[in-house]
S.K.: 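Could you have a look at this structure, given as C-alpha cells, before my questions?
Order of the sequence lines sets the chain letters (A, B, ...), proteins ahead of strands, with each chain counted from 1.
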Amino acid sequence: MIVSFENRLLQFIGIMAIFMAIIVVLFPFFWIFLESVKPPSLGGRPDIWRFELSWENWSEVLLNSSVPLNIMNSFFIAFITVVISLICGAPAAYAFSRFRGFQGARYSILAAEMMPPAILILPLFLILYKLELIDSRIGVVTAHLTFVIPVITWFLIGFFDEVPKDLEDQAMIDGYTRFQAFYKVILPVVRPGLGAAAVFGFVLSWNDLFYSLLLTGAGSRTLPVAIASFWTFRGIELGKMAVAILIAVIPVLILSYFIQKHLIKGIGGSGVKY
Amino acid sequence: MGQVTFKNVSKSFGSTNIIDGMNLEVHNSEFLVLLGPSGCGKSTTLRLLAGLETVSSGTISINGRDVTELEPRERDIAMVFQNYALYPTMTVAQNLGFGLKAKQIPPKLIKEKVNEIAYLLGLTHLLNRKPNALSGGQQQRVAIGRAIVRKPKVFLFDEPLSNLDANLRLEMRAEIMKLHREIGATTIFVTHDQEEAMAMADRIVIMDNGSIEQIGTPTEIYFQPKTFMVAGFIGNPSMNFIKGKISNKMEISMPIGRIKINALLNLGEDIEVGIRPEKIKLADSKSKSTEIKVTVLVTYVELLGPRAVVKMKHESGQELTSVIEHDEIESYKVGTEINISLASQALHFFPKN
Ligand SMILES: Nc1ncnc2c1ncn2[C@@H]1O[C@H](COP(=O)(O)OP(=O)(O)O)[C@@H](O)[C@H]1O
Ligand SMILES: [Mg+2]
C-alpha cells in the first residue's frame, strides 16, 4: 500500500499536536518540581533556571511543618467520606436504576450537585458550631458528604443499568430477598464501578478547598488549606508550596490512572437509556 | 410434585392489560408449553407465577396453596431465563450451589449435590470456570443444572433454547425432555417456536394478546384448532384461508366453488374456510359430493428435501399453498393448470373476524 504524501503530512501534524498537548499539560508539573528543588534563597524567582540542586524545601516541609499532619487529615477525611458515600450511594444508585417511576428523578441528583457550595456553608457552619464540631475532621466529612454522595450515586447508576435485571430475579427465585440479591449478586458484578467511584469520590474530597478552608482550624487542616497557607503576610513561600502541591497531586495522578477506563462510563453513563 | 392453578389472573402495566382473565390448570408432572407470537404475554405469565410480578387481580396457587401474595423465594419454583442469567462473578460450582446455600444446607452436602448434578449434565470438568469461559450450550446446561439441583415443585423455562444454534437446540431439547422424564417435575416451558412446542409438549397453551386461545395436546391443537388465530398460527406452511358464505341447505359458496357440508354451522353468514396445505390433493377421476374440484395454475414450486411446497392460483384470484411428497413433483409443473380436490372433512370453519 502506498501511503500518500497528504496522509503522511496529516499523521505528522497529528503527532505534533499530541506532543504539544503533552508539553502544555506536563510543563507546569515540571516547573513546580524545579521550584521545589531550588535553594530557598532563590525562592519566589521562577525565572531562574540555573541553580544548584537543593532538597532543603523537601526536608523542611516533611520534617518541620504541619504538612504531614495535613496529609493525615486529608487522607482520613477523604477515606471516611468515601466509605460513607459508598454505603449510602450504592443502594441509592441501585434503586434509581431499577425503580423508574418518575423519569426525571435521577437528574435531581445532578441538581443537588450543581448547587453552589456557598449556599450550604452557612447552615453547615451553624450546625457544626452548635454541635461543637468546628475544627474537627468529622465536621469536614459531613460537608464533603454533601457533594460526594450525589456524585458517587450518579456515577454508579450507569453501572447498575448495565447489569441485567434477570440476575437479581434469578437470585430471588433461588431463595434470597431482594436486599440479599443486591449485595450477594449485584454488588460483586459492579465491583469495578464501586472501585472507580471510590477513587473519584476520594479525589473530590482530597482536592476540596472551600469547605476545608472555612471549617478547619489548626488541628483538622487539610492539605489544600495547608498549600494555600504558604501564602503568608511575608510573601509566598514558593519552594515549600511547590513541595506540598506535588505531594497533593501525585496520589491523584496515580489513582486517576487506575480508573481512567471506568471514568467516562461513570460520568456519562447515567443517561437514561431505553 | 406440583400442580399449578391460575384463577382469573389479570395483569396490567399502567393502563395496558397484558394478561386478561387467565384461567389455567397445570397438572402434576405435566410438560406444558406456552406458545404464542412474541409480545403476547408468555414471559409475563411465567413471571407472575414466579412472583417476579404481582398480579393485578386473580389468584395463583401451587399444590392448592395460594401463593399470590408470596415472595419468589417462598414459592419453591425454579426458572431458566432466555439469557441464562448465570452469576458472572461465581464459578460454575458456586452458581449451582447458590440456591442450596440459601436453604442453609451444610457445605459438604451442597458439594455432594453439586457434583451429582454436574456429573448428570456433563459439567464436572467445568466446575471451577466462570460463566464467561463457557460456550452457549455449556451455559445453558449450568442454568438447567442450577434449576434442578434444588428439586423445586415447578420448573419454568422462558425460551431457553432460542439463543442456541440449530443443532445444539435439538440436542438440548432432547436433553430437557429426558430430564423431565427422569425427574417428573411439573414444567412450564415458553417458546414462540411451534415446532419446539409440538415436539416437547404434553399439552400446549396457545396465547394471543394476553389471553388463552386454546389448550390441548399437540394433536388436538393441530387437527382441531378452535379459533382462527390458532389455525393460522400453527402449521408450516400455514393453513389456507378462503372467504366463504353459508347458503341454504348446508352449503358453502366460495370464490373457488361450492361444497356441501354435513353439519350445521352456527357462525353467521360470512365465514373463513381453512384447509391445511397437505390436505390439498390432486383430483382423481371419481367425483364425490363431499369434495370440490378446482382448476388452478401452478405458480411456484419449492423443494424442501423429501417434500415440496407448491403455490397455486385460482382464476378468482384466490391463492392456495399445498405440500406434496417428492415423488409427486412431476405432476406440478410451474405454469401448467392442474385439477385439485378439497375434501369437506378436511375443511375448518371459523367465524369471519
Ligand atoms: N415491566 C413492564 N412494563 C410495561 N410493559 C411490559 C412490561 N413487561 C412486559 N410488558 C409488555 O407486556 C407485553 C407482553 O410481554 P411479554 O410477556 O414479555 O411477552 P412475550 O414473552 O410473550 O414475548 C409486551 O407488550 C410488553 O411490552
Ligand atoms: Mg418473552
Side-chain angles (χ1 to χ4, degrees), chain A residues 86 90-91 93-106 156-198 258-259 261-262 265-266 269 272-274, chain B residues 13-14 43 46-53 67 70-91 94-105 110 130-132 142-160 163:
Chain A
L86 282 178
Y94 173 74
F96 275 112
S97 167
R98 289 301 191 263
F99 302 99
R100 297 176 165 173
F102 165 52
Q103 306 288 325
R106 57 173 69 184
L156 287 175
I157 291 176
F159 287 88
F160 284 116
D161 279 349
E162 285 192 5
V163 181
K165 199 171 167 300
D166 288 353
L167 276 189
E168 71 236 31
D169 287 347
Q170 177 69 56
M172 287 193 283
I173 287 176
D174 265 350
Y176 295 89
T177 63
R178 179 177 283 277
F179 188 70
Q180 287 172 322
F182 167 70
Y183 80 79
K184 285 182 194 238
V185 172
I186 307 298
L187 271 191
V189 176
V190 298
R191 197 156 49 198
L194 294 176
F258 284 113
I259 63 159
K261 195 171 63 175
H262 302 294
K265 184 158 115 195
V272 187
K273 285 165 267 176
Y274 286 102
Chain B
F13 290 112
S43 297
L46 280 199
R47 294 174 61 82
L48 286 170
L49 175 54
L52 297 170
E53 307 281 354
V67 299
L70 297 186
E71 293 290 320
R73 64 177 184 280
E74 299 163 320
R75 298 192 182 197
D76 199 12
I77 43 158
M79 185 156 169
V80 176
F81 289 83
Q82 181 170 356
N83 58 14
Y84 318 137
L86 300 181
Y87 308 124
T89 56
M90 302 183 199
T91 62
Q94 288 166 330
N95 264 281
L96 291 173
F98 193 61
L100 299 174
K101 226 164 117 187
K103 291 188 182 175
Q104 317 275 332
I105 293 173
I110 293 183
K130 292 273 175 70
N132 62 7
V142 176
I144 292 174
R146 187 173 56 179
I148 56 185
V149 75
R150 284 175 37 219
K151 299 205 170 21
K153 288 200 194 80
V154 184
F155 286 106
L156 309 179
F157 289 87
D158 194 353
E159 311 210 20
N163 289 352

S.K.: Which pair of non-hydrogen atoms, one from B/Pro88 and one from A/Leu167, has the smallest distance, and what is that distance?
M.R.: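 Nearest pair, atom of B/Pro88 first, then A/Leu167: CD-CD1, 3.7 Å.
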S.K.: Could you tell me whether the side chains of A/Gln180 and B/Arg73 share a donor-acceptor contact shorter than 3.5 Å?
M.R.: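 B/Arg73 and A/Gln180 do not have a side-chain donor-acceptor pair below 3.5 Å.
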S.K.: Would you name the heavy atoms of B/Phe98 and A/Tyr176 that are closest together and state the gap between them?
M.R.: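 What the structure gives for the nearest pair is O-OH, 2.6 Å.
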S.K.: So which bits of residues 185-194 of chain A come within less than 4.5 Å of chain B, counting non-hydrogen atoms only?
M.R.: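 If one takes a 4.5 Å heavy-atom cut-off, the residues of residues 185-194 of chain A near chain B are A/Val185, A/Pro188, A/Val189.
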S.K.: Pick from B/Glu71, B/Arg75, B/Arg150: which one makes a side chain to side chain contact (heavy atoms under 4.5 Å, CB included) with A/Ile173?
M.R.: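 With A/Ile173 as partner, B/Glu71, B/Arg75, B/Arg150 yield a single side chain to side chain contact (heavy atoms under 4.5 Å, CB included), made by B/Arg150.
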S.K.: So which atom in A/Gln170 and which in B/Tyr84 form the shortest heavy-atom distance, rounded to 0.1 Å?
M.R.: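 Shortest heavy-atom separation between A/Gln170 and B/Tyr84 comes out as OE1-O, 4.4 Å.
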S.K.: What's the separation between atom CG in A/Asp174 and atom NZ in B/Lys103, rounded to the nearest 0.5 Å?
M.R.: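 It is 9.5 Å, given to the nearest 0.5 Å.
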S.K.: Is B/Lys101 close to chain A through its backbone or its side chain, or both, or neither, when contacts mean heavy atoms under 4.5 Å?
M.R.: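 Backbone plus side chain of B/Lys101, per the 4.5 Å heavy-atom cut-off to chain A.
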S.K.: Any non-hydrogen side-chain atom of B/Arg47 less than 4.5 Å from a side-chain atom of A/Asp169?
M.R.: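 Sidechains of A/Asp169 and B/Arg47: in contact.
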S.K.: Going by heavy atoms in the side chains, are B/Tyr87 and A/Lys184 under 4.5 Å from each other?
M.R.: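 Side chain of B/Tyr87 against side chain of A/Lys184, heavy atoms only: no contact under 4.5 Å found.
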S.K.: Below 4.5 Å from any heavy atom of chain A, which atoms of B/Leu156 appear? Answer side chain, backbone, both or neither.
M.R.: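 Neither part.
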S.K.: Do A/Asp166 and B/Gln82 come close enough that some side-chain heavy atom pair is under 4.5 Å?
M.R.: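 Not in contact.
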S.K.: Please name the pair of heavy atoms, one in A/Gly175 and one in B/Ala102, separated by the smallest distance, quoted to 0.1 Å.
M.R.: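 Heavy atoms of A/Gly175 and B/Ala102 come nearest at O-CB, 3.7 Å.
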S.K.: Is it true that, when you exclude B/Phe13 itself, more than 12 heavy atoms of the residues, nucleotides or ligands shown sit nearer than 6.0 Å to its CZ?
M.R.: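 Above 12, so yes.
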